[in-house]
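These notes concern the structure reproduced below.
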2 protein chains.
Amino acid sequence: MGVPMTERTRRPSAPTIYDIAEKAGVAASTVSRALNKPGRISTETEARIRAAADELGYRLNPMARSLQSGLTGNLALVMSDMTNPVYFDLVRGAERVTADAGCTLLFADSQENVDIELDAAQRLLRVADGLMLVGSRLSDEQILSLSALKPVVTVNRLVDGIPAATAEVEVGVHQAVRHLHELGHRDIVYLEGPSASWMNGRRHEVIAADAAALGMTVTFLDSDGPTIEGGHAAVPRVVATGATAVIAFNDLLAFGLLQGSREAGVDVPVSLSVVGFDDIFGANLLTPPLTTVRSHMRNLGEAAVLALRNAIAGEDERETERPATELIVRGTTGPVAPAGP
Amino acid sequence: MGVPMTERTRRPSAPTIYDIAEKAGVAASTVSRALNKPGRISTETEARIRAAADELGYRLNPMARSLQSGLTGNLALVMSDMTNPVYFDLVRGAERVTADAGCTLLFADSQENVDIELDAAQRLLRVADGLMLVGSRLSDEQILSLSALKPVVTVNRLVDGIPAATAEVEVGVHQAVRHLHELGHRDIVYLEGPSASWMNGRRHEVIAADAAALGMTVTFLDSDGPTIEGGHAAVPRVVATGATAVIAFNDLLAFGLLQGSREAGVDVPVSLSVVGFDDIFGANLLTPPLTTVRSHMRNLGEAAVLALRNAIAGEDERETERPATELIVRGTTGPVAPAGP
DNA sequence: CTGAAAGCGCTTACAG
DNA sequence: CTGAAAGCGCTTACAG
C-alpha cells in the first residue's frame, strides 16, 4: 500500500556544490570556480558543470558565502517615519539601485522614536553590510558608535566623518523667501520641525538669513510634531503672530495648517500664505494646491545607496550628493492683503 | 616614528565565541550553550561567560547560525507598487510584527511589472525564510513554483494551496452599493483595476451581485492602470455611459476621477457621485473629501506576517485572516440629481 | 586547469 | 554540567 502523501508541497533540501561535483565528476572546488570565475576553467569542464547545476536546479546558498566573505549583500535602511509620504520616492529609488547591484534592501521604521531607531539600527547592522540613516534623530555620538561597527551613511543629516547624502537646501529656500517677498510679505512665520532633525536646523538657518537679507522679520514657532495634526494645532499661534505668511518645515505640517485655517475661517491664500517642503503625494490635489519646495527624493535615495556601496568597498570618496531643490508655486501663496481699515 | 594613523574609524574583526571561551577559560560549545540555552549551564560559569561576552562586546554572527539552521530570520515582502499609499500602513504593520519577532523585513517593489516581480521574488527568497506577495500580478503557476522553494503567503490574492491574508470584501461593497441605492442611483459604473489583480476580480463580482440584487445596472469600464492618471483619463468614458455614480477599483483612480471631473466641468457629487477603495492618505483632505471603502491595511500586514511565520514553522493552520472593511461616507457621494428638463 | 585541505563562526549530538 | 569533534555550504590559498 502506498504511503499517504501529505498535501503539502515537498521542499527537498537544496542541492549543493557537492551534488554538482559528483554529477559532473569533478571536485567541489572546481565547481565553485566554474560558477564564480568563468574562464579559469577549461571550457568543456565548465560546460559540464553548468549543465549539472542547471539539471539539479542549483542555487547558491548565500549564507555559506557570507560566512566566508563576511559580506551579506544586504543594505539596511532606517527611516524616522515611513508613513510620511516624503519617503516613498526615496525608498523606491534606493530599492531600485540596490536591486540593480544584486543586493537586497533591509528595512525598518523608527516611528520618530530614538530608542526604536537605535534598536533597529543595531539589529539590522548585524545582518547587513552597511546602514543608511534617513532623517535620523540619533545623536552624533550614537551615529558614530554605529559606524564603528559597519559603514554608515546619513541622509539629510551631517555628522563629522560620516559619509552623507543630503538634498541641497539653499536654492529652494531662496526661491521661497524671495517669492513671498515679491508678493509683499514682510512678516513671516517658520513652523519648526523636530529639534533633533538636522534638516530642520538647516532650513531654519537659511530662512533666517534670507529673510534678514530682504528685510523681513521671521517668527520661529515650535510644532508638536512634523505631522498634519501638528500643523492643525499650530494655526491659532500662527495667526496670533500677525504674520501674513508661514513656511512649514514639511508638507505634512502645511497640510494641517491648511486644514486648520479652513476650520478657523482663515482664508488661504488671501489672508495667509502657506509654503511647505517636499511636494509629497497629494500636495497638488488639495484645494488650493500647495506651494512647496520640492526635493528630488528619488535621486537622494539613489545617492545614499551609491555612497553606502562606496563606503563598503572602502572607497573614501565622501562626495556628498546634493539633489536640487526648487520652489513649486501653486495656489496657497498670494499677494499680501491690503491693510484692514 | 609613529605610523600615520588613517582618519577612518577602525573596524576590528568582531569577537567570536572562541574569544569568549578563551577569556572565560571554557570550551566554545559551553559558550554557545550559555548564551543560547540559559539554565543548562552552572550559574557561575554562565555568569563568567556573560561577563566575558559583554567585555568583548560580543555579537552573534547570524550568518554562521543561519548556515547551521538553514533559517535566516528574514521575511521578504514584494509589493506591486510601493508608491501606492494604500501599502504604507501594510508595510508598517508588517515591519512592526516582524521586528517584534526578532526578524527583519526584506523588501522589493515590482512596479506593476510581472517580470520584475518574479525576479525580485526569486532573489529575496534565497536570503529569506519565506515570502509575502502583496497584490501579486503573478500567475497561479508562478506563485506555486515559488512556494515549492520556500513558504509563500499571498496578500489579497487567493491561490489554491497557498496560505493567504485577505481583507474582507463583501461588507464594504454592500455598504457602498446600498449607500448609492439609497441616494437614488440606479445606473452606476465600476472602473476596473488591473485584470491580473485578484482583488479587482472580487470587487467586480460582489458589486455585480449587489447591484443586480437591488435592481441597479452597472457598466464595467476598463482603466489604463490603477493610478491617478488612469482615473483622469477615464472621465469622458464614464460620463458617456450616462451613469450617475462610479465606484473605482481604488482611491488612486478615484482621485483621478475627481481631478478629471473638475477639469471637465462635471460637478461631484451633484451630477456624479464617486466612491473609492482603501481610504489612502489624502482621501479626507480633498475637496470634497472622498467617500471610500476603508480596509485595515495595518492589520492585513500583521496577519500576513503571522501567517508566514506559521507556514515557516510548519504549522498548517491556513486560517485566512480577514480584516474588516467599512464604507466611510464623505463628500463625493450625494443624491442623484433630478432629471433634466 | 584541477584537487585536497583548511577555515569562515556557530550548533549539536555524542561522550564523559 | 562540560568538552572534543563533526558539520552547515561555500571559497581560497596551496600544490601539482
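So you know, we letter chains A, B, ... as the sequences are listed, proteins then strands, and number each from 1.
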Output the rounded distance in Å from CD1 (Ile17(B)) to P (dC10(C)). 5 Å
Take atom NZ of Lys37(B) and atom P of dT11(C), then tell me their distance rounded to the nearest Å. 8 Å
Give the rounded distance in Å between these two atoms: CD1 of Ile49(B) and P of dT2(D). 7 Å
Hey, does the side-chain of Tyr18(B) have a donor or acceptor N/O within less than 3.5 Å of a partner on the base of dC10(C)? yes
With heavy atoms under 4.0 Å as the rule, sort Ser32(B) into base, sugar-phosphate or nothing. base
Atom CG of Asp160(A) with >12 non-hydrogen neighbours under 6.0 angstrom: no
Arg298(B) atom CZ, neighbour heavy-atom count above 12 within 6.0 Å: yes
From C-beta outward on Thr45(A), which listed nucleotide comes closest to its side chain: dT2(C), dG9(D), dC10(C)? dT2(C)
Which whole-number value in Å describes the distance from Asn36(A) CG to dT12(D) C1'? 11 Å
Rounded to whole Å, how long is the line connecting atom CZ of Arg33(B) with atom C1' of dG16(C)? 12 Å
Considering only heavy side-chain atoms of Ser29(B), the closest of dA4(D), dC10(D), dT2(D) is dA4(D)
Can you work out whether Ala28(A) or Gln68(A) has the more 5'-proximal nearest nucleotide on DNA chain C? Ala28(A)
Suppose we define a pair by two distances each less than 3.5 Å, Watson-Crick or G-U wobble; what does dA13(D) pair with here? none
Where each residue is assigned the nucleotide of DNA chain C containing its nearest heavy atom, which of Arg65(B) and Ala64(A) is assigned the position nearer the 5′ end? Ala64(A)
Residue-phosphate contact under 4.0 Å: Ser42(B) side-chain N/O, dT2(D) OP1/OP2: yes
Atom-to-atom span, CZ of Arg48(A) to P of dC1(C) - whole angstrom: 14 Å
Selected nucleotide, minimal atom distance to Ala27(B) side chain, candidates dA4(D), dT2(C), dG3(C): dA4(D)
In whole angstroms, how far is the P atom of dC8(C) from the CG atom of Asn61(A)? 18 Å
Minimum heavy-atom distance between Leu146(B) and Leu125(B), given as atom pair plus value: O-CD2, 3.7 Å
Would you call Glu112(A) and Arg137(A) a salt bridge, taking side-chain N to carboxylate O under 4.0 Å as the test? yes
Can you tell me the distance, in whole Å, between the CD1 atom of Ile20(B) and the C1' atom of dT2(D)? 16 Å
dG9(C) base / Arg59(B) side chain donor-acceptor hit below 3.5 Å: no
Trace of the side chain to side chain contact (heavy atoms under 4.5 Å, CB included) decision for Arg65(B) with Asn36(B): CA-CA 11 Å; Arg65(B) 175 179 281 178; Asn36(B) 297 306; 2.6 Å; yes
Partner nucleotide of dA4(C) by Watson-Crick or wobble geometry (both distances under 3.5 Å): none
